[in-house]
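Position 1 is the first residue of the sequence; numbering continues from there.
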Amino acid sequence: MMGVLVMAYGSAQDPDDLLRYYTHIRHGRAPSPEQLENLRMRYEAIGGFSPLTAITQKQAAGLQEALNVMAGESFQVFLGLKHSPPFIDEAILDMARAGIERFVALVLAPHYSTMSVGEYFDEIRESLARHNLSLPWRGISSWYQNCRFIDLVAHRVLKAREKFSPDEQADLVTIFTAHSLPQTIYQKGDPYPTELRQSGELVAEACGITRYRYAWQSAGRTKEPWMGPDIVDTVRQLASEGYYHVLICPIGFVSDHLEVLYDLDIECQQVAQDLGVHMERTASFNDDPKFLEMLAHLVMETSQLE
Ligand code: FEC
């Protein structure tokens, strides 16, 4: 039996879990009371909790079903989250207990950065070492170029364009976004910025659109400089250039969560409305069976590599 370790960010389980969650994200440094209050306010604005962990659980279950259909029962999916239970470490132990002899590691984020996917892989290595396990594994570093993924995103973009009239579509600007990271990744030659551009180009080509931009979103609240341009500044910039119809495609994310539901749908939408900009965003994949089938293909192809 081949194991599949599906990994994602994780979210706070309830309001009482916010301090633990935020401290974990900050590598053990507790947030200030103001920072915590700000996070609480954002969670409240999206209904009191984030749907992320529940969606990730559905994605893992759906991936298992898709693999069962496509490959018989030769894969067993395990879920490991970065910042909330079930943690990656627990999933590694579960795999060992289940007698898994090798596994494919898949992060539910399409683009690679040492500070995103790389950290999930570090966690696997540390966990295996901590428990003295020697399970061979193959990590899927990125899948932003996968043609099935590009087709699915393109479909989402074309669908969302229908929310604009034909006249509006004529000057509509699509903005591809991903989570910002500290600018130090530029010095390290990290592939993340290039991968965002390439995925946007591929989707634009598949949709036949030529007016598109890139922006970073959800920069952390730390003192160091984060990658820009920020999505909110980009919407302001577009309005100043006379573009009042904007479609945001958060191609760096595959689920609804705080960074989509608050940062885009509330914060950015408010700025857009104040500027008189009609802003829409593409729907997240969540547990769309077509998306999970795409992941199943990816896992199967990776498991067959020598
Ligand atoms: O819905 C939810 O509850 C979770 C939303 C959420 C997702 C997410 C994805 C990514 N992050 C990435 C990097 C960083 C770095 C820091 C950082 C900080 C935060 C904070 C919250 C938060 N992130 Fe996040 N991220 C989500 C939520 N993130 C909350 C706390 C600060 C704030 O509110 O702004 C900075 C850590 C530090 O301070 O040292 C770096 C990356 C991703 C996308 C890849 C992935 O999903 O793993 C990269 C979803």
Taking it one step at a time, do Val104 and Leu298 satisfy side chain to side chain contact (heavy atoms under 4.5 Å, CB included)?
CA-CA 10 Å; Val104 171; Leu298 189 63; over 6 Å; no
Side-chain ([X]) to main-chain ([Y]) donor-acceptor, under 3.5 angstrom:
{"X": "Ser199", "Y": "Leu196", "result": "yes"}
{"X": "Arg211", "Y": "Ala170", "result": "yes"}
{"X": "Gln35", "Y": "Ser32", "result": "yes"}
{"X": "Gln269", "Y": "Met279", "result": "yes"}
{"X": "Thr234", "Y": "Ala215", "result": "no"}
{"X": "Trp143", "Y": "Val107", "result": "yes"}
{"X": "Ser284", "Y": "Asn286", "result": "no"}
{"X": "Arg156", "Y": "Ala283", "result": "yes"}

[X] side chain near [Y] side chain, heavy-atom distance below 4.5 Å:
{"X": "Tyr212", "Y": "Val173", "answer": "no"}
{"X": "Val153", "Y": "Thr282", "answer": "no"}
{"X": "Arg161", "Y": "Leu172", "answer": "yes"}
{"X": "Phe103", "Y": "Ile92", "answer": "yes"}
{"X": "Val4", "Y": "Val6", "answer": "yes"}
{"X": "Thr56", "Y": "Leu108", "answer": "yes"}
{"X": "Tyr43", "Y": "Pro15", "answer": "no"}
{"X": "Glu280", "Y": "Ile248", "answer": "no"}

Are [X] and [Y] linked by a side-chain donor-acceptor pair shorter than 3.5 Å?
{"X": "Asn68", "Y": "Gln64", "value": "yes"}
{"X": "Ser255", "Y": "Gln59", "value": "yes"}
{"X": "His131", "Y": "Asp89", "value": "yes"}
{"X": "Glu259", "Y": "His179", "value": "yes"}
{"X": "Asp274", "Y": "Gln270", "value": "yes"}

What closest approach, in Å, do [X] and [Y] show between heavy atoms, and which atom pair accounts for it?
{"X": "Leu81", "Y": "Ser84", "answer": "CB-O, 3.0 Å"}
{"X": "Leu292", "Y": "Leu63", "answer": "O-CD1, 3.8 Å"}
{"X": "Tyr244", "Y": "Gly276", "answer": "CD2-O, 3.5 Å"}
{"X": "Ala105", "Y": "Trp137", "answer": "CB-CE3, 3.8 Å"}
{"X": "Ser113", "Y": "Leu181", "answer": "OG-CD1, 3.2 Å"}
{"X": "Ala71", "Y": "Ser74", "answer": "O-OG, 2.6 Å"}

Side-chain atoms of residues 47-54: list all donor-acceptor pairs with protein atoms under 3.5 Å, sequence neighbours left out, distances to 0.1 Å.
residue : atom : partner : partner atom : Å
Ser50   : OG   : Leu52   : N            : 3.1
Thr53   : OG1  : Ser11   : N            : 3.1
Thr53   : OG1  : Ser11   : OG           : 2.8

Assess the pair Phe176 and Trp216: is the distance between their ring centroids shorter than 6.0 Å?
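Between Trp216 and Phe176, which both carry aromatic rings, the centre distance is not below 6.0 Å.
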Between NE2 on residue His155 and CZ on residue Phe291, distance to nearest 0.5 Å
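One finds 15.0 Å between NE2 of His155 and CZ of Phe291.
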Tell me if the [atom1] atom of [X] is crowded by more than 12 foreign heavy atoms within 6.0 Å.
{"X": "Asn132", "atom1": "CG", "value": "no"}
{"X": "Gln273", "atom1": "CD", "value": "yes"}
{"X": "Glu101", "atom1": "CD", "value": "no"}
{"X": "Lys159", "atom1": "NZ", "value": "no"}

Take Arg125 and Asp122, measure what salt bridge (Lys or Arg N to Asp or Glu O under 4.0 Å) needs, and give me the verdict at the end.
CA-CA 5 Å; Arg125 285 184 206 100; Asp122 290 346; 2.9 Å; yes
Tyr262: partners by ring pair (Phe, Tyr, Trp, His ring centres under 6.0 Å), with sequence neighbours left out
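Here no residue qualifies.
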Does one hydrophobic cluster hold both Tyr214 and Val254, with members joined at side-chain heavy-atom distances below 4.5 Å?
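The answer is yes; both residues are in one hydrophobic cluster.
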Go through the steps for Arg29 and Thr23 under the test side chain to side chain contact (heavy atoms under 4.5 Å, CB included), then give the verdict.
CA-CA 5 Å; Arg29 288 172 292 126; Thr23 307; 5.9 Å; no
Dump the intermediate steps for side chain to side chain contact (heavy atoms under 4.5 Å, CB included) on Met2 and Val299, then the final yes or no.
CA-CA 10 Å; Met2 168 79 79; Val299 166; over 6 Å; no
Could Lys82 and Phe87 be counted as a cation-pi pair, given that NZ or CZ must be under 6.0 Å from the ring centre and within 45° of the axis?
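No - Lys82 does not lie over the ring of Phe87 by the 6.0 Å and 45° rule.
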Is the Phe164 ring parallel, tilted or perpendicular to the His278 ring (thresholds 30°, 60°)?
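Because their plane-to-plane angle lies in the 30° to 60° range, the rings of Phe164 and His278 count as tilted.
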If you apply the rule ring pair (Phe, Tyr, Trp, His ring centres under 6.0 Å), what do you find for Tyr9 with His83, and how did you get there?
CA-CA 6 Å; Tyr9 205 76; His83 298 300; 4.6 Å; yes
Take Glu195 and Tyr112 through the side-chain hydrogen bond (donor to acceptor under 3.5 Å, both in side chains) test and state the conclusion after the steps.
CA-CA 7 Å; Glu195 292 192 0; Tyr112 180 86; over 6 Å; no
Please step through side chain to side chain contact (heavy atoms under 4.5 Å, CB included) for the pair Gln183 and Glu224, ending with a clear verdict.
CA-CA 8 Å; Gln183 284 181 16; Glu224 61 202 323; over 6 Å; no
